[in-house]
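We use all heavy atoms of the structure for the numbers below, so side chains are in, but hydrogens, waters and symmetry mates are not. The chains referred to below are lettered A, B, ... by the order of the sequence lines, with proteins before strands, and numbering in each begins at 1.
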There are 2 protein chains.
Amino acid sequence: MRLPPLNALRAFEAAARHQGFILAAEELCVTRGAISRQVKLLEDHLGVALFHRHVRGVALTTAGRQLQPVLSEAFQMMMRQVEQIAADAAELRVICPPTLSIRWLLPQLEAFRAAYPEISLRLTTDFYSNSGFAAADFDLGISLQNSRLARAETITVLPLFDMRLAPACAPALLPRLEAGPEALAQLRLLHESPRQSDWATWARHFGLRQLDVTRGEIFPNLDMATRAAVMGAGVVMADLVLCAEELARGDLVLPFPQMSCGTPEGAYALIGEAEKWHDPKVAAFRDWLLAGPCAAAQALLPA
Amino acid sequence: MRLPPLNALRAFEAAARHQGFILAAEELCVTRGAISRQVKLLEDHLGVALFHRHVRGVALTTAGRQLQPVLSEAFQMMMRQVEQIAADAAELRVICPPTLSIRWLLPQLEAFRAAYPEISLRLTTDFYSNSGFAAADFDLGISLQNSRLARAETITVLPLFDMRLAPACAPALLPRLEAGPEALAQLRLLHESPRQSDWATWARHFGLRQLDVTRGEIFPNLDMATRAAVMGAGVVMADLVLCAEELARGDLVLPFPQMSCGTPEGAYALIGEAEKWHDPKVAAFRDWLLAGPCAAAQALLPA
DNA sequence: TCCATGGATTAGTTTTCCTGATCCAATAAT
DNA sequence: ATTATTGGATCAGGAAAACTAATCCATGGA
């Protein structure tokens, strides 16, 4: 036997649930007649009466009572999954590490929301594991380039802007560094724990073997280390883009403006599943990132 | 959100299951174009791609992979229940006690099947409990009238023909009963266990206080008791209708033809749930019973 | 190079479905 | 008792959905 007309099943289900055709008609936005017709159609198809027609209203027959719960559950299953998928599809989920998020992405996000009001963007400010990216429910992630990810066939990686490091401190400390980089030994170094290698990278790049880059204070992320630097707590290894605001305002200054270097990771990158890369929402966000925030970031870096 | 067009869901489900539109089209008896269209419709409705379109064939997207199993299960649930109900509806299930079945109903059932080839009749030859009738899967039952059933609102009872009892024996025993009913004391009485009261009923009705109705042999049903009587094993309390064949053939004779009586139960009856009483199959069987087998049975009884 | 495959597309038609009006029977209200 | 209301059935006509058939397209294999 072939599955009967689906619309007839739906009409019956609604009628059975409401114990009447009028309410069912309202639910399905049709007239009583339409429900009556569909129910009869289904009854003809099955060769069984599903409703007893009473003077006032209807009552399910045995067959109707057997059919209704199954249909209700089946329709509900479909409904739930369809809604879930549509809701997922309407959302653009982005994950971005804390400092990058709070200092770069978040301040510009209102502009994106204004430009694309139809896209419901959900930002998660956190790190994520490499393995968890596909499994986790994110459409896009932002992070330092990761060679392991880049090698995966199903993952697309788009470099956004370079990471460029230079020491920065409060203006009050500037005199104590006039003697040159060696004077850094006299000041506290401010570290961010997830990337403690930054001072080492910079010192190696400029051949400062004497500098003990393990000294100083440790913060959970660059944001806090930077804020400590603003208070005069020491010298932070600043990311020129992420600390742009303090540098622009003069809250922080670069004691050695010519001495900035890149890192092994090289650049911040946008990463996402290849499958979703051309999704309209993903594409919109990607294009907006490149045209606005990334262009602005690159403009802050030495050529 | 409203449930998307059901036909689109079905088209997608088939396409996903077959991993291609052509096979889906065959399954649903439509063209490729129709499937293509419906799938696109669903994708537009959800705002998500469900298939990756490759050069050759299609592959499910993440969203598609999430949707398919749910739809498949939901459709299968519906399908199963609908088939179950349609199959149940196509069948007419009748339950009839053993002797009545084998001696009266079954021999005439071929005529019913010939007259109504579209009705698939399933006869269960057994007793059934009163309480179990509605719960058990029978459309109609035949039994002796039962006051308890008759009182239930949801059960309809239709008397079929009277039960009428008279002693019967093989012709060879007839001489030993010429003296009259008192001579029964010299012969073995044959009982059927489920209705052992028959001899008592008859003896009481005709004032035969001396007759010990507990003597004799016991059989599980009247059919066997009757066959024993044909072999000359004794005298059976015959139901005039159920033993009609033996009486007509002369295998059994009535030693006291004028001495027949009814029983407290009175009559055989057709019983069924009121709800199903006007179902076409039930009505057909009912009408056929009254016009044929019942009329024939009543014709055998004294007026 | 040419064919076969598998899907996309589109115009036009068929089928389905719905509306809106009317009917009906019985109960509740007057 | 009469009237209004309720809840469903029915039907003709028209809107909407779905399908067909033909064509197109890109590619991979003979």
Visitor: Taking side chain as C-beta onward, heavy atoms only, is A/Leu158 less than 4.5 Å from A/Thr156?
Guide: no

Visitor: Any side-chain heavy atom of B/Leu60 sitting closer than 4.5 Å to one from B/Gln19?
Guide: yes

Visitor: What's the separation between atom OG1 in B/Thr125 and atom CG in B/Leu106, rounded to the nearest 0.5 Å?
Guide: 6.0 Å

Visitor: In Å, rounded to the nearest 0.5 Å, how long is the span from CD of B/Glu26 to CZ of B/Arg32?
Guide: 10.5 Å

Visitor: Show the nearest heavy-atom pair for residues B/Met77 and A/Ala74, with the distance to one decimal.
Guide: CE-N, 3.9 Å

Visitor: For DNA chain D, determine which residues of residues 16-25 of chain B have any heavy atom closer than 4.0 angstrom to one of its atoms, and list them numerically.
Guide: none

Visitor: Along DNA chain C, 5' to 3', what are the outermost nucleotides having an atom less than 4.0 Å from a heavy atom of chain B?
Guide: C/dA4 to C/dT9

Visitor: Can you classify the ring geometry of B/Phe161 versus B/Tyr268 as parallel (below 30°), tilted (30 to 60°) or perpendicular (above 60°)?
Guide: tilted

Visitor: Going by side chain to side chain contact (heavy atoms under 4.5 Å, CB included), name the residues that satisfy it together with A/Gln84, two or more places apart in sequence or in a different chain.
Guide: A/Asp88

Visitor: Can you tell me if A/Arg53 touches the phosphate of D/dA9, counting only side-chain N or O atoms and a distance under 4.0 Å to OP1 or OP2?
Guide: yes

Visitor: Taking the inter-plane angle between the rings of A/Phe51 and A/Phe21 on a 0 to 90° scale, is it parallel (under 30°), tilted (30 to 60°) or perpendicular (over 60°)?
Guide: perpendicular

Visitor: Between B/Glu27 and B/Arg17 (salt bridge meaning N to carboxylate O under 4.0 Å), is one present in this structure?
Guide: yes

Visitor: Taking DNA chain D as the partner, which of residues 57-71 of chain A come within under 4.0 angstrom of it by heavy atom?
Guide: A/Gly57, A/Val58

Visitor: Dump the pairs, protein N or O against N or O of nucleotides 16-25 of chain D, anything under 3.5 Å, distances to one decimal.
Guide:
unit_1, atom_1, unit_2, atom_2, d
D/dC19, OP2, B/Gln38, NE2, 3.3
D/dT20, OP2, B/Thr31, N, 2.6
D/dT20, OP2, B/Thr31, OG1, 3.0

Visitor: Is atom CZ of A/Arg37 surrounded by more than 12 heavy atoms (other residues, nucleotides or ligands) closer than 6.0 Å?
Guide: no

Visitor: Should we count CD of A/Glu73 as having more than 12 external heavy atoms under 6.0 Å?
Guide: no

Visitor: Check whether any side-chain N or O of A/Lys40 sits under 4.0 Å from OP1 or OP2 of D/dT10, and answer yes or no.
Guide: yes

Visitor: Test of understanding: with ring pair (Phe, Tyr, Trp, His ring centres under 6.0 Å), list the residues that count as partners of A/Trp277, not counting sequence neighbours.
Guide: none

Visitor: Need one value for B/Arg56: base, sugar-phosphate or nothing, where a base atom within 4.0 Å counts as base even if backbone is also close, heavy atoms only.
Guide: base

Visitor: Does B/Arg113, at its CZ atom, have more than 12 non-hydrogen atoms belonging to other residues, nucleotides or ligands within less than 6.0 Å?
Guide: yes

